Structure formats: structure tokens, C-alpha cells
Protein chains: 2
Amino acid sequence: MDQIEFVRDFNRFYTQRLGVLNDHYLGQGRPLGEARLLFEIGDGADLRELRTRLGLDSGYLSRLLRALGGEGLVTVRPHPSDGRVRIASLTGAGRRERADLESRSRDSVAALLDPLTDGQRERLLEAQAQIRRLVRLATVTVEAVPDDAPEARECLEAYAGELARRFPEGYDAAAALIPPGALTEGTFLVAREDGRPVGCGLWQGASGLAASESAAAGAAALRSSAEIRHLWVSPAVRGIGLGRRLLAALERDAAAHGVTTVRLGTHGSLTEAIALYRAAGYREVPSYDSSPYNQLAFVKELVL
Amino acid sequence: MDQIEFVRDFNRFYTQRLGVLNDHYLGQGRPLGEARLLFEIGDGADLRELRTRLGLDSGYLSRLLRALGGEGLVTVRPHPSDGRVRIASLTGAGRRERADLESRSRDSVAALLDPLTDGQRERLLEAQAQIRRLVRLATVTVEAVPDDAPEARECLEAYAGELARRFPEGYDAAAALIPPGALTEGTFLVAREDGRPVGCGLWQGASGLAASESAAAGAAALRSSAEIRHLWVSPAVRGIGLGRRLLAALERDAAAHGVTTVRLGTHGSLTEAIALYRAAGYREVPSYDSSPYNQLAFVKELVL
DNA sequence: GTCGATCTCTGACTAAGGTCAGAGATCGTG
DNA sequence: CACGATCTCTGACCTTAGTCAGAGATCGAC
């Protein structure tokens, strides 16, 4: 595939150019590990936290701190209430060194932007923003989990909290959210970025539909109809297209389980969600249940 | 400046994501130095060339080759005509190893692209192409050199060769090109990418103008009028906006030397150049000289 | 106060990546 | 063929970036 070669080539090009810039401006005698540490210490941080944030071995961190301490850039003092924990903080010289690194890094970028016109700079930033959105979207993982998994409940809690803030009438989570363990026929998907849950959604088969409908429908209809619920995307990753990806993943998963028609209800105030459903090929139908939160209803026929 | 912070943030983000991908897929027991060497050897390369291409110390290269040789991936044999030089080439196993690395690298990119829709992939590639163009443009250096400097003549030779191919009537370089050393009032600019000359252009003050004009004009007019000539951009970097940058640099330099009006002539077949001049604020005027190559003429008033 | 858990530090060790000073072979030129 | 230049190789050495196994101090719970 040609696209792959293009992306590889871009990666080589960009890292090489970046490397040249960094070597030129930044590589002024300070090893990378020490430089990262100077940034992360900030205005004081305990070693345990530094270790996890930078992913360092405790021995290695200890040695790095000793080296920086020997140069008079960092001091380490015990935690006031926990004698095991130690806290690192920058001295005046350390802050100056950090500011120096910072300004060298800024200079290298300023030198890059300098020859460009205002319009070219804007286009560069817009292209970078575009790549960021797409690469974030591409590296988010989507995975099925039990509906009572901790990540699932964490997402639903955030989802409910947000709806409670957005709906003028509030949101009654106890009544409207799917209870843990209730999803017997269907799939709960969780989206993760760097391991942290940042979105969710579920489809629920016939057994979870309103009693009147499941009674009216035959066995075939039971298998072929499902409802998508609780589609949520964390504000931290909104705007990168994750809602669309989750929705498509739910549809694929449902279709693989024999579902041919999905429906969903939503609130009139969730305009982005409504736009998403329309763009994804859903058509509006009369509302199918009496929940005050499902003011609008949409249906889509799945094609395998 | 906010833009600088944005770019720094993008660089951190992109290198981090890239690093994760590479570590995951590529870092399978082969150190980076050896992997790069396997790629660069290709179908045989002499050590001197490898050293300069990869920027390695001769001792280090020797050791790397010995390590790869010990694994049966590389053989080294003397150069047929120069006994000092040695040539490295891949064995069958070496070629397999390289293909393996190659395919792992492709896999990592394929995994990145996989979750995206066709439209998203296209937007990603377009944004990468945009960044490449702009970063190349920004990292090209533009610098004044004497008009008889080797790089200057190299550019003019390429320029003349190209015009000779493009003009139906051919191009008489001996008559039309500025002779070495003739540029006494003016500046010759050379654009370089990674040290290689990739573009040029010059402005030439009154003393170089046609005799009739310099005679007619007073001393003030002599200083305030100049001609831009021999603006050329190598095909290798065409389309990134270098012509515009060179033109702007020439105008800035001329203005700094007291020039208030620049004019230039061009050939009717150079449509991109004509478009560039119009976009840069030049207006067409009647042709000012009888050269068969200056069928069209443009003028621009410089504002300081 | 005892005991297991937690946190930091030290010493020993490793791999990767790289530098430097010659030694030895070969080449081109006078 | 002598001599300086060129090319490669070897040995010695270095920094960065880790990993691992305890030792020692401290904490919270019992």
C-alpha cells in the first residue's frame, strides 16, 4: 500500500528535521534524562510521583537526583508527614537552568517558524492540529468489557454527571442508567487513550427492550433488533471523531451478532449527538419510549 | 507566542506516539544502529559512503559490521580497484532480516491507519504533505553569495539548462546569463536545503541596467531602480513556496539598499513564474528590453 | 512494641552508542 | 621507489540509560 510508505517517509522526514533542530539548540551538555527531570520536578514533587510519571527505576531516579543535586540545581527534603517519602524541588539555579532549556526549545521552534509568512504558519498549525486529531483517534483502543467492569461504571458515571449538568430537568441516573450486570444480550464497549477510559457505548438486544415490544415481536425479530444506549465521549477527546468510531464499532459488533436494525433515543439538547446520528445514516422516527430523556428516536438498518 | 507552544506540543505528542509505535513493533532485539546499517547497506555500499551517510565514526562502523558479520547478515570484501576501500553487502540472511524489519515497520504504520476511514486517511496524508512542504520551506536557508561563487554558477547552469529545454527557441546561456563578476551593484542569493543549492535569484542595480535608461535617469533614480533576474527554483523543491520566498528576500534586500522600484522580464511560456509575480503584487508593463526571452515585463513598487 | 508494607538509597551490573589514538595496508604522485 | 595521503581496523575508554538485589528507615495496623 502506497499510503503506508508515505506515512513512513513523513515520519522519517519529521523526526530527522526535529532531531537536527533539537541537537542544534537543545543539546547543550544536559542529558535527556536530567532535562526531563528538571521539567517534571516543577515546583516540588515527591519521588514516588516522579517515578511513575517518568517511568523511572527508583535507583536510577535516585542517582539522577544526586547528580542534579551535586550541581546545586535540586534539593531533596523529607515529606513533612511521611518520613519515608522525599520531596524534590528546584533551587534558584535549577529554575534558571529549566528556564534556559525552555527558552532554547522555544528558540528552536521560533527559528523554524520565522521564515514562514503568517498564512503559512497558520496552515502549518492547522495541519498539525489535524494530524493530532487523527492520530489520537487512531491510537484510541476500543474494546468490549462486562457492563459491570470498573471502567464501564466509571464512564457511565461521567456520562450521567454530564447529562445532569446539561439537561435543564437534570438526569436521574438511578432510573435511567443500565444497572450493573443487566446487559445479558449485547456488548459494552469502552474506548481508552493511553489506558484511561475516554468513551463508551453499548448495544442491547431484544431481551432488554421494552416488554410490549419483545412480546409483539417473534423470535427472528428478537435476534434482529437492538438498541444503542449510553454513547459517551469524554470532553478530553471530543472533536476527534471518536463518537463516530464508537458508533460504527457498536454497529459492527451488533451486526456480527445477527442484529439487522438498531434504534436509539436521545435528548433534544444533545445537538452534536443528533448530528452524528444523521451523518452516520440514521433516520428520525417517532419516539419509541416514554423516557423523558429520549425525546427523539433514530433507526438504522445495518448492512453486513 | 502561542504558536511556538503549539508546535512544541505537537512535536512532543508526535515523537511520543511514534516512539511507542516503534518500540512496540520495531524494537525486537535489534539495536537501532544495526538496523539503520542494514537499511543503508542496501545492495552493497563502500564503508566510506556508509560512514558519511550515517555520520558514524570509522571504528564504530567497523565494530557494527563485525557484529552483523558474526550473525551472518553482512559480508565485507575489498573494492576491486582500490585496495584500501572495503565494500559491505548483505547476505541472503541479511536481506531477509532487512525485509523483516521493513515489514514490521510497515505493520506499525498499517496498525495506525487501520482504525481510520478512507476519508480520514486521506486527510492525514494531506496534512502530512502540507507539513512537509512548509517545514522544507522553513528549513531552506537563503544567503547572499558572490555571483562567481561555485554554488551561484551551479544554479545558473541548471537554470540555463532548464530554459534551454523549455523554450521552443532554445536558450543562449552565453549571451543571456550574467557573466561571473559582473554583479557589482546588487545581490546574488542562493537557497540551500541540507547544504545543497536548490534555488537562486539576483537583483541588479542601475549600473547594470541598459545604457539608455541609466543615461536618462538622474542619480536618485539610479539608486532607486533595480531589476530582478535569474530567479530559479530546483525541480526537487518546486511547489513548496521557495520561489515566493526568494522573491521576497530579493525585494527586502534591494529595499534595504535603497531600491524603491523593481522590474523583471520573463518568457511567456513560464506560466508558474508569471502567476508568482502577479500573486506577489507585480503589475504587467510593456516589455522594456529587446531580449527574446523577456517577452513579458513586470514592475513592483517596494514599500519599506 | 511487633510485623508486614512502603519508600528511598546504594552497589553491582549491563547494553547501546560513541570517541580517540594509533597500527597496518594501500594508493597516487614526484 | 619513497612519501604523504587515504582507508580500515583494533584496543582503550567514555557517557547515557537503564536493571536488579538488597539494606535501612519509616509507617500503619494489630
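As the structure is a prediction and not an experimental result, all values here were calculated from the model. Below, chains carry the letters A, B, ... as their sequence lines are ordered, and counting in each starts from 1.
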Got more than 12 heavy atoms from elsewhere within 6.0 Å of CZ, A:Arg96? no

Whole-Å gap separating C1' (C:dA25) and CZ (B:Arg48): 15 Å

note: B:Leu37, atom CG; C:dG18, atom P; distance rounded to Å ~ 12 Å

To the nearest Å, give me how far apart CG (A:Asp82) and P (D:dC27) are. 6 Å

Measure the spacing between CG of B:Leu38 and CD of B:Glu34 and express it to the nearest 0.5 Å. 7.5 Å

Looking only at D:dA17, D:dC7, C:dC9, the nucleotide nearest the A:Leu32 side chain is D:dA17

With a 4.0 Å cutoff (strictly under), does any side-chain N or O of A:Arg51 reach OP1 or OP2 of C:dT8? yes

Within this structure, what is the CG-to-P distance between B:Leu65 and D:dC7, rounded to whole angstrom? 16 Å

Interface polar pairs with nucleotides 3-5 of chain D, N/O, under 3.5 angstrom:
none

What nitrogen or oxygen pairs link the protein and nucleotides 10-14 of chain D at under 3.5 Å?
| from | atom 1 | to | atom 2 | distance (Å) |
| --- | --- | --- | --- | --- |
| D:dT10 | OP2 | B:Arg66 | NE | 3.4 |
| D:dG11 | N7 | B:Arg63 | NH1 | 3.2 |
| D:dG11 | O6 | B:Arg63 | NH2 | 2.8 |
| D:dA12 | N6 | B:Arg63 | NH2 | 3.4 |

Decide whether a cation-pi geometry holds between A:Arg98 and A:Phe39; the criteria are a distance under 6.0 Å from NZ or CZ to the six-membered ring centre and an angle within 45° of the ring axis. no

Does atom CD of B:Glu157 have more than 12 heavy-atom neighbours, drawn from other residues, nucleotides or ligands, at distances under 6.0 Å? no

Give a yes or no answer on whether the side chain of A:His230 reaches the backbone of A:Leu177 with a donor-acceptor pair at less than 3.5 Å. no

Given atom NE2 of B:His79 and atom P of D:dT6, what is their separation to the nearest angstrom? 17 Å

Roughly, in whole Å, what's the span from CG in B:Leu56 to P in C:dG17? 10 Å

Would you kindly compare A:Glu34 and A:Gly83 by the position of their nearest DNA chain D nucleotide and give the one closer to the 5′ end? A:Glu34

Nearest 0.5 angstrom please: B:Arg123 CZ to A:Ile131 CD1, how far? 13.0 Å

Measure from CZ on A:Arg86 to C1' on D:dT26 and round the result to the nearest Å. 13 Å

Would the distance check show the side chain of A:Arg121 and the main-chain N or O of A:Leu116 forming a donor-acceptor pair, the cut-off being under 3.5 Å? yes

Report the distance from atom CG of A:Leu61 to atom P of C:dC9, rounded to the nearest whole Å. 8 Å

CZ of A:Arg132 to CG of A:Leu137: how many Å apart, nearest 0.5 Å? 14.0 Å

Separation between CD1 (A:Ile87) and NE2 (A:His79), nearest 0.5 Å, reads 4.5 Å

